Amino acid sequence: MDGLRGLAASYVVLFHCWLYTFPGYPDSSAPGWLDILMFGRLAVVFFLVLSGFSLAIAPARHGWRSDGVARFLRRRAWRILPPYWAALAMSLVVSWFVVPASHYGPPTAASILVYGTVTQDVLTAPTPNGAFWSIGVESELYLLFPLLLFVRRRWGAAALGALVALPVIFYGLSAAGANPVEGDNWLAPHLAPAFVAGVIGAGVVVAPDRIRRLPWGWLAALAAAPVLVLGAVQGTVWTVEHYFWVDLAVAPAMAMLLAAISTGRPVIVARLLTTRPVRSLGNFSYSLYLIHLPIVMAVIRRVAPHFVSPGLPTFWFTLVVALPISVIGAWLFSQVFEMPFKRSRSWKSLIAQVRSHWAGTATREPR
C-alpha cells in the first residue's frame, strides 16, 4: 500500500507541473502526448479508495468492529493534522510572499480559520494550497467511518454500497444535463462512494480462500475497460468535464486492483511495489502531497521565466528543478513533522522518543 501511495503522489506532482505550465485546462495548450498527465483528479480518487481500504483492514479482521469512535478519531487526528498544519504554515508564507496559490488572491484571515480547522470542503476562503481540498474531504469521511463500519457489520457490503452510491447517482441524474457542475467544495458526498469502495474491497483480505483466489486483477481490468474506452472515444476534455460520473465508474476497478495486490497478484506488480525505492517514496508520500504545490508554483511563476520561455521549455525546467526539490523537501519535512507522529501515539511517547534520541546523540562517542 505504501508503494501505491508513493506512485499516486508522484503522479499528482507531475499533474501540477503540467497544469500550471500550460493554461486553458482542460483544453490546454499542452502537446497532445502530455495528455496522460491531466488526470490528477483520478489520482486523488485513488487516494480515497486506498484510504478506505487501508483503514478497513483491521476492522474487517475483527468482525467489522473498531477500537472505538473516540480512539479512532484521535489516532486519525494525531496522524494527519501535525504535518498538515506545518504544511499550512509553509503554504501561507509562500502564498503571501512568493506566489499566490489561487486566482482569488492571497490567503486572508478567513483562510487561516477555514483551513486551520480543516473545514475547506464546507466553507469557502482563498486557498493557501490548491492540494488541500482533498484533506477536507477525507476528514469528513473519517467522521463517517464508524457509521460505515456499523452498516457493513449490520447489513453487509451490498447495503453499504447502495446506501452511499444511490443518493449520489440520483443527484447526478437530476442535475441539468445529468452532469452536475462541481464547485470548490461540498465534494465529500460525491466522493464518499470512492472511499466506501475501498472499505468494501478490504473484505477480500479476510474473505475465504475461494474469494481471495478470484482473479481480482483481471476483474479490475474488466471494470476499468468501459471507462477507459469511453474516455478514449469522447476525448480527454469530455472526461474531465464528466468527472462526477467517471469518479463513480472507476472506483470499483480501483478497489478490485487493491484487492488483487493485497493477495499478492499480479506478482510482478506486487514485487515492484515492495522494492525499497518505491516503498521509501510511499513512506513520505503524505508530506510530498502536502508541500509540493507551493514549490511547483514558485518554480513555474517566479524562477522559470528568468531562464526559459513559456510552454514546453518551462515544463521541462519544472521537472528538472521542482520535482527533485519537492521529493527531497518532502523527505526532510516528513522527518520533522510526519515520522515522529507515525512512530509515537501520544505526546508523552513523542517527548520520550525525542529525549532518547538527543540523549543518545549527546553520549555517542566518535569512532
Side-chain angles (χ1 to χ4, degrees), residues 1-2 4-5 45-82 84 118 121 134-168 188-214 216 219-220 248 251-265 282 285-286 338 341-350:
M1 299 301 107
D2 282 344
L4 288 171
R5 288 188 185 93
V45 172
F46 182 73
F47 272 127
L48 293 176
V49 178
L50 181 56
S51 180
F53 187 92
S54 300
L55 290 176
I57 288 177
R61 288 171 173 162
H62 297 87
W64 296 99
R65 299 179 183 276
S66 67
D67 292 337
V69 175
R71 184 177 182 184
F72 167 76
L73 294 178
R74 184 171 61 251
R75 291 177 66 175
R76 281 288 87 195
W78 178 263
R79 172 69 181 87
I80 296 298
L81 291 180
Y84 168 76
V118 205
D121 190 51
S134 67
I135 308 301
V137 170
E138 191 148 355
S139 298
E140 293 174 65
L141 295 174
Y142 291 158
L143 296 176
L144 288 176
F145 184 67
L147 177 60
L148 300 177
L149 290 182
F150 174 79
V151 174
R152 174 63 180 85
R153 181 174 68 251
R154 190 70 178 271
W155 293 292
L160 175 60
L163 178 67
V164 176
L166 289 180
V168 177
H190 161 206
L191 292 171
F195 184 82
V196 169
V199 173
I200 294 173
V204 174
V205 176
V206 297
D209 285 344
R210 60 184 178 84
I211 301 297
R212 290 172 53 85
R213 291 173 181 173
L214 290 175
W216 290 108
L219 293 175
L248 291 174
M254 293 177 175
M256 292 178 191
L257 174 63
L258 294 178
I261 292 172
S262 70
T263 56
R265 292 171 292 176
S285 59
Y286 181 48
E338 184 179 1
F341 294 91
K342 289 180 69 173
R343 301 187 188 106
S344 304
R345 294 297 176 88
S346 66
W347 284 112
K348 183 178 180 179
S349 61
L350 177 61

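For clarity, every value in this text was computed on a predicted model and none was experimentally measured.
- Pairing each heavy atom of Gly198 with each of Ala255, the nearest pair is N-CB, 4.4 Å.
- For the pair Leu4 and Leu258, the minimum side-chain heavy-atom distance is below 4.5 Å.
- Proximity of a side-chain donor or acceptor of Ser51 to a complementary backbone N or O of Phe47 within less than 3.5 Å is not detected.
- The line from CG of Asp209 to CG of Leu214 is 11.0 Å long, rounded to the nearest 0.5 Å.
- Here the side chains of Val199 and Leu55 are not in contact, with every heavy-atom distance at 4.5 Å or above.
- Under the side-chain contact (heavy atoms from CB on, under 4.5 Å) criterion, Ala60 pairs with Trp64, Val206, not counting sequence neighbours.
- Between Arg152 atom CZ and Ile200 atom CD1 the span is 7.5 Å, to the nearest 0.5 Å.
- Here the closest non-hydrogen pair linking Ala259 and Phe53 is N-CE1, 4.1 Å.
- Of all heavy-atom pairs spanning Asp121 and Ala188, the tightest one is OD2-N, 3.2 Å.
- Taking 4.5 Å as the limit, some side-chain heavy atom of Asp2 sits within range of a side-chain heavy atom of Arg5.
- The closest donor-acceptor contact from the side chain of Arg212 to the backbone of Val205 lies under 3.5 Å.
- Under the side-chain hydrogen bond (donor to acceptor under 3.5 Å, both in side chains) criterion, Tyr84 pairs with Gln120, sequence neighbours left out.
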Give the intermediate values and the outcome of side chain to side chain contact (heavy atoms under 4.5 Å, CB included) for residues Leu148 and Val164.
CA-CA 9 Å; Leu148 300 177; Val164 176; 4.1 Å; yes
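- Closest non-hydrogen pair, Trp216 versus Ile211, comes out as NE1-O, 2.9 Å.
- Closest approach of Ala251 to Ala194, counting heavy atoms only: CB-CA, 3.8 Å.
- Smallest separation of non-hydrogen atoms from Val151 and Ala159: CG1-C, 4.5 Å.
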Between side-chain atoms of residues 72-79 and protein atoms elsewhere (two or more places apart, or another chain), which donor-acceptor pairs fall under 3.5 Å?
from	atom 1	to	atom 2	distance (Å)
Arg76	NH1	Tyr142	OH	3.3
Trp78	NE1	Phe341	O	3.0
Trp78	NE1	Ser344	O	2.7
Arg79	NH1	Glu338	OE2	3.3
Arg79	NH2	Glu338	OE2	2.8

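- Using a 4.5 Å cut-off on side-chain heavy atoms (C-beta onward), Ile80 and Val118 make no contact.
- Rounding to the nearest 0.5 Å places CE of Met254 at 9.0 Å from CG of Leu257.
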